Novice: 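Got a structure here, written out as structure tokens. Questions coming.
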Amino acid sequence: REYVFGDDLRSIDWKVTARSGSPHIKIFKEDREGTVLICLDMNEGMRFGTKNTFKSVIAAKSAALLGWQALGRHDRVGAYLFGDIQGGIRSFPSLRTQKTFSMMLKTLTEPPKEQHFVSLEKVLCTIEHTAKNGSVLYVISDFMDFIPDERSLLALRRKCQIVFISV
């Protein structure tokens with residue numbers, strides 16, 4: 001943009017100023033690529049509900065809304081599903097593609113083929129070692145079997161922002 005009295009002289013763009021004949025300054029806008037991680041509880045306790053819906057359905061809808069919102073902002077979206085799925089824990093890489101996110105949503109809709117109980121503490125420990133700094137972590141669960149370990153939560157908190165969503 002054109003120079004206005006009071007602007008920092010160090011931000012003058014000399015090439016544009018020379019071409020146009022009037023002083024212009026550079027404006028810098030921080031371009032950050034965000035990473036959103038969705039950690040979703042799929043243990044047996046989530047397949048409980050009222051006449052209207054199950055907790056697992058509400059959790060899946062919440063995860064879908066968070067993921068689509070992040071993709072709309074051009075952020076990377078990754079997921080950790082744990083509980084009654086193949087292998088107990090399944091992770092989806094943090095990518096900016098709808099294909100990967102759609103694969104995660106498809107996994108949410110499949111009926112459980114295996115019975116596993118995976119504790120949230122174990123998953124949070126895994127995330128602590130694999131998450132990138134500055135990520136936003138959404139943990140969606142009923143937190144019935146969650147006994148928080150203060151040290152591991154603080155270590156994870158130093159690495160990423162944590163949002164707990166109770167179903």
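Being a predicted model, the structure only gives us computed values, none of them experimental.
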Novice: Hey, can you pull the donor-acceptor pairs under 3.5 Å for the side chains in residues 55-68, sequence neighbours left out?
Specialist:
{"residue": "Lys55", "atom": "NZ", "partner": "Gly45", "partner atom": "O", "Å": "3.3"}
{"residue": "Lys55", "atom": "NZ", "partner": "Asp142", "partner atom": "OD2", "Å": "2.8"}
{"residue": "Ser62", "atom": "OG", "partner": "Ile58", "partner atom": "O", "Å": "2.9"}

Novice: Do we see a donor-acceptor contact under 3.5 Å between the side chains of Tyr80 and Thr130?
Specialist: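 A donor-acceptor contact under 3.5 Å links the two side chains.
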Novice: Would Leu137 and Lys159 count as a side-chain contact (heavy atoms from CB on, under 4.5 Å) here? Give the steps.
Specialist: CA-CA 10 Å; Leu137 172 65; Lys159 200 167 195 178; over 6 Å; no
Novice: So with a 6.0 Å cut-off around CZ of Arg151, is the heavy-atom count from everything else above 12?
Specialist: no
Novice: How many angstroms lie between atom NZ of Lys26 and atom CG of Asp8, to the nearest 0.5 angstrom?
Specialist: 12.5 Å
Novice: Start with the C-alpha gap between Val123 and Val118, add the side-chain angles, then the distance that decides, and say whether side-chain contact (heavy atoms from CB on, under 4.5 Å) holds.
Specialist: CA-CA 8 Å; Val123 177; Val118 179; 3.8 Å; yes
Novice: Do the side chains of Leu108 and Leu40 get nearer than 4.5 Å, heavy atoms only?
Specialist: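 The answer is yes; the side chains approach within 4.5 Å.
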Novice: Measuring only between side-chain heavy atoms, which start at C-beta, is Ser135 closer than 4.5 Å to Arg76?
Specialist: no
Novice: Is there a side-chain contact between His74 and Arg96, using heavy atoms and a 4.5 Å cut-off?
Specialist: yes
Novice: With a 4.5 Å limit on heavy-atom distance, are the side chains of Ile12 and Thr17 in contact?
Specialist: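 Answer yes - side chains close enough.
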Novice: Using a 4.5 Å cut-off on heavy atoms from C-beta on, say whether the side chain of Pro23 contacts that of Glu2.
Specialist: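 No, too far: nothing below the 4.5 Å cut-off.
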Novice: Just wondering, more than 12 heavy atoms not from Ile27 lying within 6.0 Å of its CD1?
Specialist: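 Yes, the 6.0 Å shell around CD1 holds more than 12 heavy atoms from other groups.
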Novice: Taking atom OG1 of Thr35 and atom NZ of Lys132, what is their separation to the nearest 0.5 Å?
Specialist: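 NZ of Lys132 is found 5.5 Å from OG1 of Thr35.
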Novice: Is the shortest heavy-atom distance from the side chain of Ile140 to the side chain of Val167 under 4.5 Å?
Specialist: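 When only atoms from C-beta onward are counted, Val167 and Ile140 do touch, with a gap below 4.5 Å.
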Novice: Taking all atoms of both residues into account, what is the closest heavy-atom pair of Ser141 and Asp41, and its distance?
Specialist: OG-OD2, 2.8 Å
Novice: Checking side chain to side chain contact (heavy atoms under 4.5 Å, CB included) against Val139, which of Leu120, Leu37, Ile165, Ile127 comes through?
Specialist: Leu120
Novice: Answer with yes or no whether the hydrophobic clustering places Leu71 together with Val136; edges join I, L, V, M, F, W, Y residues whose side-chain heavy atoms lie under 4.5 Å apart.
Specialist: yes
Novice: When you look at Asp13 and Ile25, which way does the side-chain contact (heavy atoms from CB on, under 4.5 Å) test go after all the steps?
Specialist: CA-CA 5 Å; Asp13 188 345; Ile25 63 166; over 6 Å; no
Novice: So, does Ser11 use its side chain to make a donor-acceptor pair with the main chain of Asp7 at under 3.5 Å?
Specialist: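 No; judged by distance alone, with no hydrogens or angles, the pair does not exist.
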Novice: Are Ile85 and Met104 joined in one hydrophobic group, where the rule is that I, L, V, M, F, W and Y side chains link up if heavy atoms are under 4.5 Å apart?
Specialist: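 In one cluster: yes.
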Novice: CG of Leu153 to CD of Glu150: how many Å apart, nearest 0.5 Å?
Specialist: 8.0 Å
Novice: side-chain contact (heavy atoms from CB on, under 4.5 Å), that's the test. Do Leu95 and Phe101 meet it? Break it down for me.
Specialist: CA-CA 8 Å; Leu95 299 173; Phe101 184 63; over 6 Å; no
Novice: For the residue pair Phe82 and Cys39, establish whether any side-chain heavy-atom pair is separated by less than 4.5 Å.
Specialist: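 Sidechains of Cys39 and Phe82: in contact.
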Novice: Return each pair, listed once, that meets ring pair (Phe, Tyr, Trp, His ring centres under 6.0 Å) where at least one residue sits in residues 113-163; pairs must be two or more places apart or across chains.
Specialist: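 Sorted pair list: Phe143-Phe146, Phe143-Phe164.
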Novice: Is there a side-chain contact between Phe92 and Thr107 in this structure, where contact means two heavy atoms from C-beta onward sitting under 4.5 Å apart?
Specialist: yes
Novice: For Lys106, what residues pass the side-chain hydrogen bond (donor to acceptor under 3.5 Å, both in side chains) criterion, not counting sequence neighbours?
Specialist: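 In terms of side-chain hydrogen bond (donor to acceptor under 3.5 Å, both in side chains), with neighbours along the sequence ignored, Lys106 is linked to Glu110.
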Novice: Taking atom CZ as the centre, does Arg10 end up with more than 12 heavy-atom neighbours from other residues, nucleotides or ligands that are less than 6.0 angstrom away?
Specialist: no
Novice: Would you say Val36 ends up clustered with Leu81 if hydrophobic residues are merged whenever their side chains have heavy atoms under 4.5 Å apart, either directly or through other cluster members?
Specialist: yes
Novice: For the hydrophobic clusters of this structure (ILVMFWY residues joined by side-chain heavy atoms under 4.5 Å, transitively), does one cluster hold both Met103 and Leu105?
Specialist: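 Both belong to a single hydrophobic cluster.
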Novice: Salt bridge check: are Asp84 and Lys113 linked by an N-O gap of less than 4.0 Å?
Specialist: no
Novice: Out of curiosity, does Phe54 fall in the hydrophobic cluster containing Met144 (side-chain heavy atoms, cut-off under 4.5 Å, transitive links)?
Specialist: no
